[in-house]
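In what follows, a structure is listed as structure tokens, so that the remarks can point back to it.
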Amino acid sequence: PATRINACAEVIRAFCWASDKHHFRYSYFTRRALKLAPALPRKPIRHDEFVALMRTIKSARGNRKAKSGLRLVLAMLWDTGMRTCELFGLEASHVDLATGSVVLDHHKTERTGMPRIIVLTGLALRIVRMLCRHRPTGPLFRNAWGNAWTSPTLARLFRRYARLAGIRPGLCAYSCRHAFCCRSIESGNNERETADLMGHASTSYIRWYGRMTRTNYDYLRSLRTRIG
């Protein structure tokens, strides 16, 4: 959502500039205030919230196959910090099981000329290995009807089960990516290393996540114990 809002703002800015230069006789954007929806706050989901969410999905009533697919998607987002668009388009051809990694040539920051490399470990590697075996072609992650996941569907299901789990409002599936970034910083990775893991070309976003760790009580407590 934030990316779409920023794109709209750039279009509006271009029209306002053209109006100021009298290229247009009338500009809708300058004659009427346009209220843009605020960008969604970056809220990392806590570990206890993620566990509660996964348990709720498993125990809730509904299509068993659909719930299993949703749990696989959320587990991958939590364990790898992937963007949802990267996960939805993931195919077996992108996976190198020998090195335990995913290599994407087409991604959000492909303008850098570098591939997006995602390292798979533990649970994520087991999930991908299993899906590659059963789905050698097409999207690895599919819904109950065998189609690729979409962002609106994931957002709707996340809101439904988050409400049932009683976790904080305002969280979304992308919060798993935010949590991955915070965990990377808390583990001791610097901004550049964390940006590489996240697939960011710049470290500017990582600085914001660094501020989020100041409100993590467990992390602050671990820092305090080092002092003695």
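We use all heavy atoms of the structure for the numbers below, so side chains are in, but hydrogens, waters and symmetry mates are not.
- Interatomic distance, Thr80 OG1 to Ile118 CD1, rounded to the nearest 0.5 Å: 6.0 Å.
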Cut-off 3.5 Å, no hydrogens considered: what does the side-chain donor-acceptor table look like for residues 90-97, sequence neighbours left out?
unit_1	atom_1	unit_2	atom_2	d
His94	ND1	Glu91	N	3.1
Asp96	OD1	Ala98	N	3.1
Asp96	OD2	Thr99	OG1	3.2

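- One hydrophobic cluster, built from ILVMFWY side chains closer than 4.5 Å, cannot hold both Val103 and Phe88; they sit in different ones.
- Leu164 is connected to Leu171 through a chain of hydrophobic side-chain contacts under 4.5 Å among Ile, Leu, Val, Met, Phe, Trp and Tyr, so both are in one cluster.
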Report all side-chain donor-acceptor pairs from residues 130-142 shorter than 3.5 Å, counting only partners two or more places apart or in another chain.
unit_1	atom_1	unit_2	atom_2	d
His134	ND1	Met130	O	2.9
Arg135	NH1	Leu140	O	2.5
Arg142	NE	Pro139	O	2.6
Arg142	NH2	Thr137	O	2.7
Arg142	NH2	Pro139	O	3.3

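- For residues 50-70, no pair satisfies salt bridge (Lys or Arg N to Asp or Glu O under 4.0 Å), with sequence neighbours left out.
- Looking only at distances, no side-chain donor or acceptor of Arg163 sits under 3.5 Å from a matching main-chain atom of Pro169.
- Across Val119, Leu120, Ile117, a single residue satisfies side-chain contact (heavy atoms from CB on, under 4.5 Å) together with Val102, and that is Leu120.
- When side chains are defined from C-beta on, His178 does not count as touching Lys43, because their heavy atoms never get closer than 4.5 Å.
- Taking the six-membered ring where tryptophan is involved, the planes of Phe50 and Trp78 are essentially parallel, since the angle between them stays under 30° and well short of 60°.
- Cys176 and Leu74 get closest at one heavy-atom pair: SG-O, 4.4 Å.
- Side chain of Arg83 to main chain of Gly199: a donor-acceptor pair is present (N/O by atom type, distance under 3.5 Å, no hydrogens or angles).
- Note that CG of Leu125 and CG of Asp79 are 9.5 Å apart. Values are rounded to the nearest 0.5 Å.
- Of all the heavy atoms in Met82 and Arg116, the pair that sits closest is CA-NH2, 4.2 Å.
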Could you list the donor-acceptor pairs under 3.5 angstrom formed between side-chain atoms of residues 153-161 and any protein atom two or more places apart in sequence or on another chain?
unit_1	atom_1	unit_2	atom_2	d
Thr153	OG1	Thr150	OG1	2.9

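- The distance from atom CG of Leu77 to atom CD of Glu86, rounded to the nearest 0.5 Å, is 10.0 Å.
- Closest approach of Ala75 and Leu123 over heavy atoms only: CB-CD2, 3.9 Å.
- Pairs engaging residues 165-175 under the salt bridge (Lys or Arg N to Asp or Glu O under 4.0 Å) rule: Glu49-Arg168 [sequence neighbours left out].
- Residues satisfying the side-chain contact (heavy atoms from CB on, under 4.5 Å) test with Asp196, not counting sequence neighbours, are Arg192.
- Note that CG of Asn189 is 11.5 Å distant from CE of Met198, once rounded to the nearest 0.5 Å.
- Looking only at distances, no side-chain donor or acceptor of Thr194 sits under 3.5 Å from a matching main-chain atom of Cys181.
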Take Leu197 and Phe180, measure what side-chain contact (heavy atoms from CB on, under 4.5 Å) needs, and give me the verdict at the end.
CA-CA 9 Å; Leu197 286 173; Phe180 179 85; 4.2 Å; yes
